[in-house]
Protein chains: 2
Amino acid sequence: MLTKITIYEDNETLRKGLEELLTLSDEFVVTGSYGNCMQVLEQLKEENPDIILMDIDMPGMTGIEAVKKIRQVNTGVAIIMLTVFDDNKNVFDAICAGASGYLLKKNVSEKLISSVKDVLSGGASMSPAIAKMVISSMQRHAADYRLSAREHEILTLLCKGNSYKMIASELNLSFETIRSYIKKIYEKLQVSSATEAVSKAINERLI
Amino acid sequence: MLTKITIYEDNETLRKGLEELLTLSDEFVVTGSYGNCMQVLEQLKEENPDIILMDIDMPGMTGIEAVKKIRQVNTGVAIIMLTVFDDNKNVFDAICAGASGYLLKKNVSEKLISSVKDVLSGGASMSPAIAKMVISSMQRHAADYRLSAREHEILTLLCKGNSYKMIASELNLSFETIRSYIKKIYEKLQVSSATEAVSKAINERLI
DNA sequence: ATAGCGTACCCCCATTTTGGGGTAACTATA
DNA sequence: TATAGTTACCCCAAAATGGGGGTACGCTAT
């Protein structure tokens, strides 16, 4: 069965090129091809494609906004972002909005078909440069505050929203014991309130 | 110049295979090849490779522990994990520990050389399945609690560790106003303490 | 025009948290 | 055998927070 693909790309030359590239292979059919994504929801409903190629920078509505709109009504269709931007913000916004892949325009000609196949088989597609950015963002890690196992445990419970009392009963320790632990934790994390501790713990991946 | 590669892999057949595969191309030289990573730090210092291929499941010390050790003394060397595991935990642990790529053993023969080249040129290498896992983890997004702009602003300040007082002075509002906003925020988020709110806000990416 | 929402402020009271001071047993280790 | 680190407990007082009430103004959409 043919794979249905809809294209959003405001550069007409590139758009035509994409259409041709996809049509050359007899596995794909281009169900729609547009210079902006103002009617994206209607077109999605109408054409029901398997894959959407979405440029980020388009007049009227950005590709990222379009992805958000699409994901509100359809979580299934695969969306590959197609863009000249390789900066952190665009990549993360697109991924968080719900894109399944991120292809830089300079790589389109070699990578398009394989990317499409990757997402069709349930995977995601990222160029090495994009993958590097994503991985780096996961690695900004933990200064080591040398929390003991017990301190770590108590911090974890605190981060789940437990009060001192709840932590005490959870761990079968006295309220006062929890207090002294938390004092020590605050000291080690260099904070002075539960909210600071929780925010630091989560953001720096201590828990 | 030749690219120096060290291999850690306890399956001897596979290890020999990797050596041959790499040596076939005249761009690589295998500087070391070991069945466990007990001496990884000494070997790293001795051989100073450009790339390390690291199996996850090895006797004595896991590849993930080895990566952590390596990253404590060397942030430059690229590390490609080589494993049969494609479960969430192993992938994330490896990436967070500092791996630059993650290759499933079933894909090794076709993907090894291109993965090595990807990481050599400063990128990262992930199979589509791994990329999918990583992307999915970034997408678990925001139930919409319909916070107003002001409520969002106050929640953000709360998450940074500010007390009610500090928020009030920051926004030039009265202490009591902040209190009533926070009460409303708790209601919308269905929580009843600052720690819960902060944890929910960060984990569900509300801020 | 009126109901709803967001904004901004105020009161009370009880509970919780924080910051400062302690003590003491146990374990590991140098 | 000191010494450090962890675990566990206690007191006090001040500050912050949570839950419950309110009022008022302006905007918007019905």
Side-chain angles (χ1 to χ4, degrees), chain A residues 69 72 142-207, chain B residues 41 61 65 68-69 72 142-207:
Chain A
K69 272 200 189 301
Q72 281 173 9
D144 186 3
Y145 295 100
R146 314 210 143 269
L147 298 183
S148 71
R150 210 36 149 181
E151 288 163 351
H152 185 270
E153 191 178 17
I154 287 168
L155 180 58
T156 305
L157 288 169
L158 192 68
C159 288
K160 289 190 176 140
N162 294 283
S163 69
Y164 290 17
K165 248 186 202 172
M166 292 160 81
I167 298 175
S169 87
E170 182 86 13
L171 299 180
N172 286 312
L173 296 179
S174 90
F175 175 78
E176 286 301 327
T177 301
I178 300 305
R179 267 169 53 63
S180 45
Y181 273 114
I182 289 189
K183 277 189 274 190
K184 180 141 282 180
I185 292 170
Y186 286 3
E187 204 182 300
K188 288 189 178 177
L189 298 191
Q190 304 250 44
V191 299
S192 58
S193 72
T195 49
E196 271 186 283
V198 169
S199 136
K200 199 156 190 168
I202 300 179
N203 284 321
E204 303 192 13
R205 315 218 187 294
L206 302 182
I207 54 161
Chain B
L41 291 185
M61 186 196 296
E65 292 169 66
K68 286 184 191 162
K69 272 199 191 301
Q72 281 172 9
D144 186 2
Y145 295 99
R146 313 210 143 268
L147 298 183
S148 72
R150 210 35 150 183
E151 288 162 351
H152 185 271
E153 190 178 19
I154 287 168
L155 180 57
T156 305
L157 288 169
L158 192 68
C159 288
K160 289 192 174 138
N162 295 282
S163 68
Y164 291 15
K165 241 185 208 175
M166 292 160 79
I167 298 175
S169 87
E170 182 85 13
L171 299 181
N172 287 313
L173 295 178
S174 91
F175 176 77
E176 286 301 325
T177 302
I178 301 303
R179 273 166 52 64
S180 47
Y181 272 115
I182 289 189
K183 277 186 272 191
K184 181 139 279 179
I185 292 169
Y186 286 5
E187 204 183 303
K188 288 189 178 177
L189 260 49
Q190 303 250 47
V191 298
S192 59
S193 72
T195 49
E196 271 187 283
V198 169
S199 136
K200 199 157 192 169
I202 300 179
N203 284 320
E204 303 193 14
R205 313 216 190 297
L206 302 182
I207 54 160

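Below, chain A is the first sequence line, B the second, and so on; all start at residue 1.
Going from atom OH of B/Tyr145 over to atom CG of B/Leu155 covers 11.0 Å, rounded to the nearest 0.5 Å. A distance of 11.0 Å separates CE of B/Met166 from CG of B/Leu158, quoted to the nearest 0.5 Å. The CD atom of A/Glu204 sits 8.0 Å away from the CG atom of A/Leu189 when rounded to the nearest 0.5 Å. One distance of note links NE2 of B/His152 with CD1 of B/Ile185; it measures 10.0 Å at 0.5 Å rounding. The structure places CD1 of B/Ile178 at 10.0 Å from CG of B/Asn162, a figure rounded to the nearest 0.5 Å.
Going from atom OH of A/Tyr181 over to atom P of D/dG5 covers 15 Å, rounded to whole Å. Computed from coordinates, the A/Asn162 CG to C/dT16 C1' distance equals 14 Å when rounded to whole Å. Protein atom CE of B/Met166 is 10 Å distant from nucleotide atom P of D/dA16, rounded to whole Å. Remark: C1' of D/dA16 and CD1 of B/Ile167 are 12 Å apart, rounded to the nearest angstrom. Between the C1' atom of D/dG19 and the OH atom of B/Tyr186 lies a distance of 12 Å, rounded to the nearest Å. Rounded to an integer number of Å, the gap from A/Arg146 CZ to D/dA4 C1' is 14 Å. Remark: P of D/dT17 and CD of A/Glu196 are 11 Å apart, rounded to the nearest angstrom. Distance NZ (B/Lys184) to C1' (C/dC9): 13 Å, rounded to an integer number of Å.
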For each nucleotide in nucleotides 9-15 of chain D, reading 5' to 3', give B when a protein heavy atom comes within less than 4.0 Å of its base, S when such contact involves only the sugar-phosphate, and - otherwise. BBBB---
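Within the 3.5 Å criterion, the main-chain N or O of B/Ser192 finds a donor-acceptor partner in the side chain of B/Glu196. Under a 3.5 Å cut-off, the side chain of A/Thr177 and the backbone N or O of A/Leu173 do not form any donor-acceptor pair.
Classification of B/Arg179 and B/Glu176 as a salt-bridged pair holds, one side-chain N sitting under 4.0 Å from a carboxylate O. For A/Lys188 and A/Glu151, the salt-bridge test passes: some basic side-chain N is under 4.0 Å from an acidic carboxylate O. Between A/Glu153 and A/Arg150, at least one side-chain N (NZ, or NE/NH1/NH2) sits under 4.0 Å from a carboxylate O, which counts as a salt bridge.
Nearest nucleotide to the side chain of B/Ser148, out of D/dG18, C/dT7, D/dT17: C/dT7.
Residues of residues 149-161 of chain B that place a heavy atom closer than 4.0 Å to DNA chain D do not occur.
Across B/Glu170 and B/Leu157, no two heavy atoms sit closer than the pair CG-CD1, 3.9 Å.
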Are there any protein N/O atoms within less than 3.5 Å of an N/O atom in nucleotides 28-30 of chain D, and if so, which ones and at what distance?
none

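Using a 4.0 Å cut-off, some side-chain N or O of A/Ser192 falls inside it from OP1 or OP2 of C/dG19.
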